[in-house]
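Have a look at the structure below before the remarks.
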Amino acid sequence: MSESKNTNTTEFNERYGLNKGLAQMLKGGVIMDVTTPEQARIAEAAGACAVMALERIPADIRAAGGVSRMSDPKMIKGIQEAVSIPVMAKCRIGHFMEAKILEAIDIDYIDESEVLTPADDVYHINKRDFSVPFVCGARDLGEALRRINEGASMIRTKGEPGTGDVVQAVRHLRKMNSEIRRIASLNSDELFEAAKQLQVPYELVAWVHDNGKLPVVNFAAGGVATPADAALMMHLGAEGVFVGSGIFKSGDPAKRARAIVQAVTNYKDAKLIAELSEDLGEAMVGINASEIKIIMEERGK
Amino acid sequence: MKIGVLALQGAFREHQDMIRLSGAECIEIRQLSDLTGNSLDGIVLPGGESTVQGKLLRELGMLEPLRNMIKAGTPVLATCAGLILLAEKIEGDPVSHLGTLPVTVKRNAFGRQTGSFEYTGNVGKLQNFLMTFIRAPIVTALNSQEVEVLAECREQIVAVKYGNQIGLAFHPEINDDPSIHREFLDLCEKFHNGIK
């Protein structure tokens, strides 16, 4: 195992502040999965606030089966050169070496992602050891705070990727927010027991209690396929949206991408979203999440 | 006094909190009607992604009205992506956005996220101000003698003022110090009471 280099807490706190800050700059935006520099340019032109570089989008990963790993660094570099917006990439859960490689090629954000095949079925990456920021998936408050305790500076829901089915992302976001409301309503002497039940440090629970929100930015991810899906997630309290297979698996990616970006900005304006939803071409076909064998949200707790 | 914060994308809520803390009323600018339906004494252009914000400004028909307000003297505080929106020229990009601030800027001038950093220094009259640079731009050229340099860092220009326009490469909104917002609100108050 690698030794912790961030023995200097001040140094970690400064990096962590900067990394949380980048997530704050992404708020109100749409992060799009892309597999080529050409797609990255389309995404940027359509108004993506960041792109996720990966070899195969989740729908194809699901179809292909087998072991899914970090993408080829050369392919990621090609995308970095194509756009000026931040470029993210995925590494497997627990695979700190893949994360080191992504850090070495100067990626802007790493997604320690359940979409790839987990490399460690017990431990997540010690993200405090890195200068580069991490986003992690979470289904509930306990999972979110465990990832934050490990050093994640951004959280997203673990909606079932590659399905075009938004039900899990909705469930995760509703659950997270209802748990946050519950923590906020507790007496301060009840927080110790809450921390025990959530299996997280007391300090993080106390922060949520005092502030009524997560200590980092929280995005929706998994199954978002339409402008209406994106607006729904914003209404439910997401601070931005990841769109994976939904764009480049659809009939007219550029138009759909543009519509989703506008729907996120003006999520309260149903009339505008009605206009945006017209003539988008075919949406991704989608798989009902209850019909599939591999449930990726079960990966990593 | 009423301040409008451009709320298309990015860290706009942080600016709203800072402005409310300093005692002014604050609204979100999401659509053209937010600009035309309010009498604004100041505008904040927040951090975020300038390509996204610039594109949405055009698509929502807000670019021209906003430019006219700034040209007419409405004070504006622009941070990071906001500075890029305001700049007359952007290196390596044929398109500029509002273009009301006569400077040339360079995007991501300190590199990618691992190059982001904090620096404490003077900003105009403010001493020892904590500046947070996140994938920050810099000002590479001043295209008018009336542009005043407020701050430099690593021998680069990172804060400027031109008339009622303040452009910062860093993010005063994500720390606890409201000094820059207070100075901006002073400008807004003068505009509210005087020229208007």
Side-chain angles (χ1 to χ4, degrees), chain A residues 10-11 13-15 17-31 41 43-51 80 83-88 102-110 130-134 153 213 217 239-240 257-259 261-262 264-269 271-272 276, chain B residues 6-15 28-34 46-60 62 79-82 84 90-93 95 106-108 110-120 130 132-137 170-171 173-176:
Chain A
T10 326
E11 189 187 310
N13 286 341
E14 182 182 327
R15 267 323 307 171
L18 291 164
N19 289 340
K20 281 203 295 187
L22 177 55
Q24 285 172 280
M25 299 310 141
L26 299 174
K27 282 191 300 182
V30 181
I31 300 170
R41 276 188 285 265
E44 184 178 48
C49 68
V51 290
Q80 286 175 316
V83 293
S84 75
I85 53 178
V87 177
M88 303 183 162
L102 292 173
E103 184 175 56
I105 62 168
D106 222 0
I107 203 79
D108 290 302
Y109 239 97
I110 297 177
F130 289 77
S131 298
V132 70
F134 281 82
S153 46
K213 58 178 186 181
V217 167
E239 296 179 281
R258 217 162 38 233
V261 169
Q262 280 211 29
V264 166
T265 297
N266 281 303
Y267 65 94
K268 289 175 186 162
D269 188 341
K271 206 172 159 189
L272 178 72
L276 293 170
Chain B
L6 189 69
L8 299 178
Q9 189 272 326
F12 47 86
R13 192 162 303 153
E14 290 78 354
H15 275 293
E28 291 183 357
I29 308 171
R30 288 179 183 269
Q31 297 185 346
L32 184 58
S33 56
D34 299 323
E49 286 304 319
S50 60
T51 50
V52 184
Q53 296 180 6
K55 181 183 169 296
L56 286 166
L57 274 179
R58 285 187 174 82
E59 285 181 359
L60 296 164
M62 289 157 65
T79 60
C80 198
I84 297 173
I90 304 167
E91 278 189 20
D93 194 337
V95 182
K106 183 180 175 189
R107 278 200 178 99
N108 304 337
F110 300 101
R112 296 184 169 276
Q113 175 60 7
T114 47
S116 295
F117 63 101
E118 289 179 349
Y119 175 82
T120 302
L130 175 63
T132 304
F133 294 89
I134 298 175
R135 286 171 46 91
F170 52 89
H171 293 282
E173 74 278 16
I174 64 173
N175 297 313
D176 300 326

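For the numbers below, each heavy atom of this structure counts, side chains included, while hydrogens, waters and symmetry mates do not. Below, chains carry the letters A, B, ... as their sequence lines are ordered, and counting in each starts from 1.
Only the backbone of A:A45 comes within contact range of chain B, with at least one heavy atom under 4.5 Å from a heavy atom of that chain. Proximity to chain A (any heavy atom under 4.5 Å) is shown, for B:T114, by both the backbone and the side chain. For B:A7, the part lying under 4.5 angstrom from a heavy atom of chain A is the backbone only. For chain B, the nearby parts of A:N19 are the backbone and the side chain; heavy atoms of each come within less than 4.5 Å. Interface remark: B:I134 contributes side-chain atoms only to the contact with chain A (heavy atom separation under 4.5 Å). With a 4.5 angstrom heavy-atom cutoff, B:R112 touches chain A via backbone and side-chain atoms both. No part of A:A50 comes within reach of chain B, as not one of its non-hydrogen atoms sits under 4.5 angstrom from that chain. Contacts between A:V87 and chain B at a heavy-atom distance below 4.5 Å involve backbone atoms as well as side-chain atoms.
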Any chance you could lay out the side-chain contact (heavy atoms from CB on, under 4.5 Å) test for B:R135 and A:M25, step after step, and finish with the verdict?
CA-CA 10 Å; B:R135 286 171 46 91; A:M25 299 310 141; over 6 Å; no

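Interface check for chain A: of the options B:L56, B:T132, B:T51, the most heavy-atom pairs under 4.5 Å are formed by B:L56. For the set A:V132, A:N266, A:L272, A:V217, the entry with the most heavy-atom pairs within less than 4.5 Å of chain B is A:N266. Each of A:P86, A:G47, A:G21 has some count of heavy-atom pairs under 4.5 Å with chain B, and the biggest count is that of A:P86. Most heavy-atom pairs under 4.5 Å with chain A: of the set B:G92, B:S116, B:G115, this distinction falls to B:S116. Looking only at heavy-atom pairs under 4.5 Å with chain A, the residue among B:R13, B:Q31, B:R107 that has the most is B:Q31. Residue with the most contacts toward chain A among B:E173, B:Q53, B:E14: B:E14 (heavy-atom pairs, distance under 4.5 Å).
Across all non-hydrogen atoms, the minimal contact from A:V30 to A:V261 is CG2-CA, 3.8 Å. Taking all atoms of both residues into account, the shortest heavy-atom contact from B:P46 to B:A11 is CB-O, 3.8 Å. The two residues B:R30 and A:T265 make their nearest non-hydrogen contact at NH1-O, 2.6 Å. Taking each heavy atom of B:A81 and B:G48 in turn, the nearest pair found is CB-O, 3.4 Å.
Relative ring orientation between B:F133 and B:F117 is described as parallel, the plane-to-plane angle staying below 30° on a 0-90° scale split at 30° and 60°.
For the atom pair CD1 of B:I84 and OG of A:S84, the computed distance is 7.5 Å after rounding to the nearest 0.5 Å.
The pair B:E28-A:K268 fails the salt-bridge criterion, with no side-chain N (NZ, NE, NH1 or NH2) lying under 4.0 Å from an Asp/Glu carboxylate O.
A donor-acceptor pair under 3.5 Å links the side-chain atoms of A:Q80 to the main chain of A:D106, judged by distance alone.
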